[in-house]
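Below is one structure, written out as structure tokens; the observations come after it.
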Amino acid sequence: MISILQDQIANICKSLYGYDTEVELTRPEVQFGDLTTNVCLKLAKQLNMRPQEIAEAVSRSIAETIPIIAEAKVAGPGFINLTLADEALIQLADQEPTEKYKGQVVVAEYSDPNPFKVLHAGHLYTSIVGDAIANLLEVAGAEVHRVNFGGDVGLHVGRTMWAIIDRLGGEYPDKLADVPEADRPSWLSEVYVIGNNAYEDSEEAKAQIIDYNKKVYDLHNNNDHESPFAQIYWTTRQWSYDYFNEFYDQIGVHFEKYYPESETAPLGLETVKEHIGDVYEQSDGAVIFNGEKYGLHTRVFINSEGLPTYEAKDVGLIMKKWQDYKFDQSVVITGNDIIDYMKVVLRSVEMFMPKLPKRTKHLTHGIVKLAGGKKMSSRKGNFLKAADVLDYAAQANEALTGKQDRVAVLGAVKYAFLKSRLGGDIIYDPKESVSTEGNSGPYLQYAHARARSILRNVDNSNEQILGQLDDSERLLVRKLSESAEVIERSIDELLPHHICTYLYELAQAFNRFYENSRVIGDPRESTRLALVQLYADRLKSGLNLLGIDAPDHM
RNA sequence: GCGCCCGUAGCUCAGCGGAUUAGAGCGUCUGUCUUCGGAACAGAAAGUCGGGGGUUCGAAUCCCUCCGGGCGUACCA
């Protein structure tokens with residue numbers, strides 16, 4: 001409907017002045033109407049005329065020829081402010097976002113934790129953001145495949161294996177049974193820190209770790225599940241995946257498939273080797289991609305041990321995703337520390353499979369810092385863990401409400417992570433996130449439950465919003481009418497935070513309406529019930545898009 | 001050094017090249033209503049949009065430069 005209106009206005013401009021112009025319609029402040037356009041300012045430049053003069057003519061023509069426009073007024077330097085007829089506004093409020101990705105296959109990769117390591121706050125962040133983006137693509141009509149990539153091979157695994165074997169006093173897989181099930185994740189993270197420190201502090205340990213790293217690749221190549229070393233590896237690897245799955249269940253994020261690096265490494269290795277000469281080159285015993293030719297960094301894809309680095313595994317991953325899905329688009333969501341790294345990988349793939357990088361979008365986010373931030377050092381393992389964030393939120397919520405409410409806690413964390421624009425670091429304040437006042441997840445969940453309670457025990461199944469609105473109803477409908485646009489914008493930019501901002505404004509608009517409009521028992525009950533219904537539905541679907549539950553009761 | 005990102009009210013953040021007062025929330029101050037879930041509503045104080053130049057009829061927004069912070073920069077992921 002908006003795009004039709006844009007075309008109509010463009011046609012008016014064309015017929016009056018003979019220029020093709022792109023008409024933008026923006027949402028102005030309330031006192032200026034429902035929509036605003038600045039086409040006349042743009043036209044004035046080309047025509048060398050006074051913008052106001054053009055605006056007068058165009059607005060007159062709009063008012064006369066476009067029936068859904070109730071009023072068109074010239075303002076300021078030559079804006080045209082439009083007021084829609086109530087019926088049109090209601091129709092707009094009823095509109096669903098267009099399915100821009102209809103028929104497209106999209107692979108969304110996010111979260112990407114490494115087996116044998118602990119889940120930190122960043123994993124929680126990327127999981128939440130990635131899931132919201134995947135949801136956006138889904139409402140846009142895409143067939144979305146949610147996948148997860150992680151390093152079950154690599155130097156960090158060598159470090160962990162070294163520390164495990166050291167702790168077990170040798171390659172004794174049976175001794176793993178002594179670790180209580182509940183302690184496995186913390187046990188693993190403990191030994192990882194030990195292995196990490198040993199690698200840096202002891203030459204002897206370092207050599208052993210490098211050897212273990214190779215042995216891990218070997219056991220994959222030989223499909224070894226029998227040797228004591230392999231048994232230790234497979235058992236503790238499974239501990240990691242159990243821990244991940246439990247975590248994802250807890251936060252309500254689910255993946256279709258894991259791509260462990262052990263599965264992408266062989267393909268990556270093979271692909272890189274195939275292109276030594278035309279894409280990659282030998283240098284100091286390693287295989288590199290000389291990114292400096294293209295203004296990028298030079299990076300190692302196969303190290304001098306002959307093992308694939310993360311780079312080669314990522315090449316393998318892209319190829320594997322392509323084999324599995326033949327995607328139209330691949331969205332990868334990670335921390336922003338690997339922006340330049342990813343450019344190198346994609347640039348190298350571009351040399352032999354140009355369409356894959358072309359279809360790949362790398363979206364990045366910053367890190368999660370705790371409000372009142374203490375410095376945290378990852379070397380000693382005392383960084384902010386995913387579980388810590390959830391714990392802090394649960395504690396803050398219980399301190400505030402005296403209750404344990406998983407749905408509210410999760411809503412609080414997710415909303416807090418999503419409401420800022422994607423890209424930079426975020427500062428997480430548990431207290432603020434669970435607060436029931438202000439721009440928070442629980443506030444919106446409550447707003448939804450409150451609206452539902454009005455509808456409870458009333459039969460409004462046949463109610464419709466009528467054509468004539470009073471002032472307070474109209475303000476609410478005006479806000480509701482932005483819904484589809486906001487979601488479309490979030491989809492276009494793949495930025496979920498627009499939806500957060502909007503939902504909060506919507507809830508405020510509703511509270512204002514509700515403050516001075518009686519619903520039940522009022523002569524306008526039927527229109528108002530339909531309005532409440534539409535509002536509650538929009539709020540719920542918006543929250544769901546963000547991956548946040550909207551319960552009927554709280 | 002080079003490259004990328006960031007710097008908007010006390011704090012946490014929005015802000016689509018265009019409208020007289022740059023917007024929210026929290027915090028501070030002041031009001032409203034015997035509430036259909038008040039977890040509400042109305043209002044006030046609070047900003048040289050990091051500094052300086054430039055482009056434009058018009059810049060928080062685009063360009064340059066300086067300052068401050070973060071990240072990246074060949075065998076980690």
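Treat the numbers as computed from the prediction; the structure is a model and nothing was measured. In what follows, chains are A, B, ... by sequence order, proteins preceding strands, each numbered from 1.
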What is the pairing partner of B:G23, taking Watson-Crick or G-U wobble pairs with both distances under 3.5 Å in any strand?
B:C13

Go through the side-chain N and O atoms of A:T501 and A:R421 and say whether any donor and acceptor fall under 3.5 Å apart.
no

In sequence, state the C-alpha distance, the side-chain angles, and the governing distance for A:F510 and A:F513, and then conclude on ring-ring contact (aromatic ring centres under 6.0 Å, His included).
CA-CA 5 Å; A:F510 179 80; A:F513 156 79; 5.8 Å; yes

Return yes if the base of B:A24 and the side-chain atoms of A:T501 contain a donor-acceptor N/O pair under 3.5 Å, otherwise no.
no

Between A:K313 and B:A77, does any side-chain N or O lie under 4.0 Å from OP1 or OP2?
yes

Determine the contact category for A:I367: base if any of its heavy atoms lies under 4.0 Å from a base atom, sugar-phosphate if only primed atoms, P, OP1 or OP2 are that close, otherwise nothing.
nothing

Counting the atoms with a prime plus P, OP1 and OP2 as sugar-phosphate, which does A:D429 contact under 4.0 Å by heavy atoms, base, sugar-phosphate, or nothing?
nothing

Do A:Y258 and A:Y241 make the cut of ring centroids closer than 6.0 angstrom?
yes

Check every strand shown and say whether A:N439 touches a base, only sugar-phosphate, or nothing at a heavy-atom separation below 4.0 Å.
sugar-phosphate

At under 4.0 Å, does any side-chain N or O of A:R27 touch on OP1 or OP2 of B:C16?
no

Remember a base hit wins even if backbone is also touched, and classify A:S517 as base, sugar-phosphate or nothing at under 4.0 Å, heavy atoms.
base

P-based separation of B:G43 from B:G51 [nearest Å]:
31 Å

Pair A:H498, A:E493: side-chain N/O donor-acceptor within cut-off below 3.5 Å:
yes

Complementary nucleotide of B:A59, counting Watson-Crick and G-U pairs under 3.5 Å:
none

Spell out yes or no: do the side chain of A:D337 and the base of B:G72 have one donor N/O and one acceptor N/O closer than 3.5 Å?
no

Are A:T309 and A:E311 linked by a side-chain donor-acceptor pair shorter than 3.5 Å?
yes

Can you identify which nucleotide, out of B:U73, B:C75, B:C16, has its nearest atom closest to the A:N303 side chain?
B:C75

Quick check: closest heavy atoms across A:Q52 and A:V74, and the distance to 0.1 Å?
O-CG1, 4.5 Å

Nearest-nucleotide check on RNA chain B, A:G76 vs A:N114; residue mapping nearer the 5' end is A:G76

Could you tell me how far apart A:M342 (CE) and B:C5 (P) are, to the nearest whole angstrom?
17 Å

Within this structure, what is the CZ-to-C1' distance between A:R421 and B:U61, rounded to whole angstrom?
11 Å

Determine the interatomic distance between P on B:U61 and the same-named atom on B:U55; round to the nearest Å.
15 Å

So A:S453, base contact, sugar-phosphate only, or nothing? Heavy-atom distance under 4.0 Å.
base

Side chain of A:R456: nearest nucleotide among B:G37, B:G72, B:C13?
B:G37

If you compare all heavy atoms of A:V157 against all heavy atoms of A:G151, which two are closest, and at what distance to 0.1 Å?
CG2-O, 3.9 Å

N or O in side chain of A:Q508 less than 4.0 angstrom from B:A40 OP1/OP2:
no

Counting any heavy atom closer than 4.0 Å, what does A:G154 reach on the DNA or RNA strands: base, sugar-phosphate only, or nothing?
sugar-phosphate

Between B:U12 and B:G70, how far apart are the P atoms? Round to whole Å, please.
16 Å

Minimum-distance nucleotide to A:H497 side chain [options: B:A14, B:C76, B:U12]:
B:A14

Distance check, C1' atoms only: B:U20 and B:G58, in whole angstrom units.
14 Å

Looking for any heavy atom pair under 4.0 Å, which part of the strands does A:S283 touch: base, sugar-phosphate only, or nothing?
base

Would you kindly give the CD-to-C1' distance between A:E292 and B:C2, to the nearest whole Å?
11 Å

Under the 3.5 Å rule, do the base of B:C75 and the side chain of A:S304 count as making a donor-acceptor pair?
yes

With a non-hydrogen cut-off below 4.0 angstrom, is A:A447 in contact with a base, only sugar-phosphate, or nothing?
nothing

Looking only at B:C26, B:G18, B:C76, the nucleotide nearest the A:F79 side chain is B:G18

Report, as yes or no, whether the 6.0 Å neighbourhood of atom NZ on A:K273 holds more than 12 heavy atoms from other residues, nucleotides or ligands.
no

Taking the six-membered ring for Trp, is the centroid-to-centroid distance between A:Y110 and A:F149 below 6.0 Å?
no

Hey, does the side chain of A:H448 come within less than 4.0 Å of B:G37's phosphate (OP1/OP2), counting only N and O?
no

Within less than 4.0 Å of OP1 or OP2 of B:A77, is there a side-chain N or O belonging to A:R159?
no

Determine the interatomic distance between P on B:G3 and the same-named atom on B:A74; round to the nearest Å.
16 Å

Winner on side-chain proximity to A:R518, out of B:G18, B:C36, B:G15, is B:C36

So what does A:S435 hit on the nucleic acid, given a heavy-atom distance under 4.0 Å: a base, only sugar-phosphate, or nothing?
nothing

Scan A:N516 against the nucleic acid and name what it touches under 4.0 Å (heavy atoms): base, sugar-phosphate only, or nothing.
nothing

Which base sits across from B:A44 as a Watson-Crick or G-U pair, both distances under 3.5 Å?
B:U28

Are the ring of A:Y341 and the base ring of B:G72 both nearer than 5.5 Å at their centres and tilted by less than 30°?
no

Just to be sure I understand the rule, does A:D492 reach a base, reach only the sugar-phosphate, or reach nothing, if contact means heavy atoms closer than 4.0 Å?
nothing

Mind checking if A:E261 touches a base, just sugar-phosphate, or nothing, with heavy atoms under 4.0 Å?
sugar-phosphate

Measure the OG-NE2 distance between A:S453 and A:H448 for me, rounded to the nearest 0.5 Å.
10.5 Å

Considering Watson-Crick and G-U wobble pairs with both distances under 3.5 Å, what does B:C2 pair with?
B:G72

Taking atom C1' in both B:C11 and B:U35, compute the distance separating them and give it to the nearest angstrom.
32 Å

B:C26 to B:C64 separation - C1' atoms, rounded to the nearest Å
38 Å

Using only side-chain N and O atoms of A:R512, determine if any of them is under 4.0 Å from OP1 or OP2 of B:A42.
yes

Between A:Y504 and B:A24, do the rings stack, that is, sit under 5.5 Å apart with planes less than 30° off each other?
no

Presence of A:N511 side-chain N/O under 4.0 Å of B:C41 phosphate oxygens OP1/OP2
yes

Contact class for A:F301 (heavy atom, under 4.0 Å): base, sugar-phosphate, or nothing?
nothing

Checking all strands, does A:F289 fall into the base, sugar-phosphate, or nothing category for heavy-atom contacts under 4.0 angstrom?
nothing

Same-atom distance (P) from B:G15 to B:C62, integer angstrom:
12 Å

Would you mind telling me which of B:G37, B:G18, B:C26 lies closest to the side-chain atoms of A:Y514?
B:G37

